[in-house]
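Right, one structure below, let's go through it.
Computed from a predicted model, the values in this text were never measured in an experiment. Residue numbers start from 1 in every chain, and the chains themselves are labelled A, B, ... in the order their sequence lines are given, proteins ahead of strands.
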Amino acid sequence: MRNIVAICKRELLAYFVSPGAYLILSGFLLCAAYFFFNLLATYNFMVARASQMPMAVGLERFNLNQWVIEGYLQTLIVLMLFLVPLLTMKALTEEKRTGTFELLVTSPVSVKQIIFGKYLGIVFMLLIMCAAAFVYPLLLYVYGDPEILPVLSGCLAVLLSSLAFAAVGLAVSSFSSSQMVAGITTMVLLLMLYVIHAPAESLGGTLAGVLKYFSPMVQAEEMVRGVITLRSCLYFASLILLGLFFAERGLDRYRWR
Amino acid sequence: MIEVENLSRQYGDLLAVSGVSFSAKSGDILGFLGPNGAGKTTTLRMLVTYLPPSSGTARVAGYDILRESDSVRRNIGYLPESPPLYGEMTVTEYLSFVAQLKGIYGRKKIREAVERAIERCFLMEVSKRLCRNLSRGYRQRVGLAQAIVHDPSVIVLDEPTSGLDPKQITEIRRLIKELGKDRTVILSTHILPEVQMVCNRVVIISRGKIALESNLEDLTKEKSLEQVFLESVGYEDVSDKEITGQNA
């Protein structure tokens with residue numbers, strides 16, 4: 001446990017003494033703010049137009065949760081597709097490149113501890129990013145009254161998706177020895193996974209169901225709408241475990257080569 | 001204490017180290033010599049449990065490298081060819097991190113260990129600087145500090161004096177001698193005078209095989225170390241003149 005904490009702390013320190021982490025964080029918040037503002041502006045415009053109609057037809061169709069918050073949280077997940085690879089690509093490739101991997105491996109630390117320590121470091125970083133981005137929807141409570149439960153389950157969806165993406169990124173990083181390769185591979189893998197359900201409609205049948213199950217977009221969509229199912233929780237949990245498992249295999253391979 | 005038995009390592013078809021055996025006890029400073037590509041680094045990497053041997057085994061600090069690798073790791077200090085530093089940490093931060101990894105617990109104990117290592121390797125004036133901003137010589141010394149921070153009973157150094165200036169070399173050699181008094185030190189190097197100055201035992205490895213294992217005293221009674229070295233790696237037809245010429 002102590003080893004995991006030591007490695008996690010070092011990982012965080014590495015993030016925050018380099019400008020990279022601040023750039024990722026501020027870029028993320030900037031994009032998020034832009035999307036949030038646009039969603040809100042569109043919403044205001046629609047509401048204003050609807051209320052000018054005689055008898056204000058259809059005004060009741062517009063609610064903040066559906067029009068602003070859902071869209072915003074889904075956008076956050078898409079942003080994470082691009083930013084998480086930037087966070088994970090360095091995690092293990094850099095150790096191998098600079099030779100510090102040799103230090104870790106010849107210390108009384110297990111490969112599992114190395115992986116967990118690294119992963120925890122990235123998780124902390126993601127928690128900070130998410131916490132900062134969740135402030136925007138909270139602002140709506142000053143002016144309006146969106147339902148709170150769907151907002152919370154939506155935030156959970158963003159968090160779980162990011163954690164799952166990070167596990168995938170860590171696995172790729174453990175198999176690669178170049179940052180570039182790790183980053184690009186992770187990004188492509190995540191994008192493919194995200195839209196893996198695309199041919200589902202035309203295929204139909206069991207395969208469609210399977211493809212939909214494997215898509216983080218479909219799994220997160222339900223949660224963003226406010227439906228937390230055991231199935232989607234299991235999906236994200238197994239993606240995380242699978243990622244960490246492969247990350248461990250990857251390092252083991254380096255250790256025993 | 002180190003006992004190596006028939007250690008071999010294969011990379012694909014290439015037999016990098018084949019059937020290497022030697023031993024060193026506490027108080028020994030063993031010079032591990034050999035031409036480039038002879039298998040020095042590979043052998044050392046097996047001893048420090050970085051690479052698994054293809055066959056054979058070794059006992060380091062009383063533990064088997066295959067079956068008790070974690071105990072071996074607790075009791076060795078290892079300086080690889082390029083010092084394994086984290087550029088974004090200060091020297092003190094880095095050494096504290098290594099101390100924790102090596103199993104030292106408690107703030108006070110960690111601080112004491114780090115201070116001792118900093119003092120021993122003459123790093124006082126750079127202790128607050130980032131590792132990435134250090135010169136080659138200081139990096140090497142931080143690498144050495146890292147290897148001794150947990151006071152291991154076996155120390156493995158892969159070319160510890162490369163890249164240092166003459167003054168630093170003298171200091172590091174003195175330090176190695178002092179460390180070797182109650183520990184086992186293995187030191188791989190190309191520099192023969194260094195072996196003569198620091199070591200009391202010599203192992204010469206050539207093309208993956210042990211060419212010679214001896215006490216330094218017995219070895220240099222009749223011939224110079226250069227002669228012995230060249231003979232054991234297969235250049236018998238070198239005359240004394242050439243050797244002294246090389247030295248001049």
Would the distance check show the side chain of B:R73 and the main-chain N or O of A:V105 forming a donor-acceptor pair, the cut-off being under 3.5 Å?
yes

Which atom of B:P84 lies closest to which atom of A:G99, heavy atoms considered:
CB-O, 3.5 Å

Given side-chain contact (heavy atoms from CB on, under 4.5 Å), test B:Y50 with A:L103 step by step and report yes or no.
CA-CA 9 Å; B:Y50 180 63; A:L103 166 69; over 6 Å; no

Which atoms of B:Q146 are under 4.5 Å from chain A, going by heavy atoms: the side chain, the backbone, both sets, or neither?
side chain

Can you tell whether the side chains of A:R10 and B:E88 come within less than 4.0 Å, N to carboxylate O?
yes

Per-residue contact mode, A:E95 against chain B (heavy atom under 4.5 angstrom):
side chain

Does OH in A:Y34 sit with more than 12 non-hydrogen atoms of other residues, nucleotides or ligands closer than 6.0 Å?
no

Taking side chain as everything from C-beta outward and backbone as N, CA, C, O, which of these in B:L79 sits under 4.5 Å from a heavy atom of chain A? Side chain, backbone, both or neither.
neither

Distance check, rounded to the nearest 0.5 Å: A:S107 atom OG versus B:D70 atom CG?
10.0 Å

Can you tell which part of B:V98 gets under 4.5 Å to a heavy atom of chain A, answering side chain, backbone, both or neither?
side chain

From OG1 (A:T100) to CE (B:M89), nearest 0.5 Å:
10.5 Å

Are there over 12 heavy-atom neighbours, none belonging to A:F246, within less than 6.0 Å of that residue's CZ?
no

Please indicate whether B:F122 has more than 12 foreign heavy atoms, meaning atoms of other residues, nucleotides or ligands, lying under 6.0 Å from its CZ.
yes

The reported gap from CD1 in B:I76 to OG1 in A:T106 (rounded to nearest 0.5 angstrom) is 5.5 Å

How about CZ on A:F214, more than 12 heavy atoms from neighbouring residues, nucleotides or ligands closer than 6.0 Å, or not?
no

Tell me, yes or no, whether the heavy-atom count around B:R207 atom CZ, taken from other residues, nucleotides or ligands under 6.0 Å, exceeds 12.
no

Verify the neighbour count for atom CZ of A:F116: are there more than 12 heavy atoms of other residues, nucleotides or ligands below 6.0 Å?
no

Would you say that B:L101 contacts A:L104 through its side chain, given a criterion of any heavy-atom pair below 4.5 Å between the two side chains?
yes

Just so I know, are the side chains of B:E93 and A:L13 near enough to count as touching, which here means a heavy-atom distance under 4.5 Å?
yes

When the 4.5 angstrom heavy-atom criterion is applied to B:Y78 and chain A, the contacting part is side chain

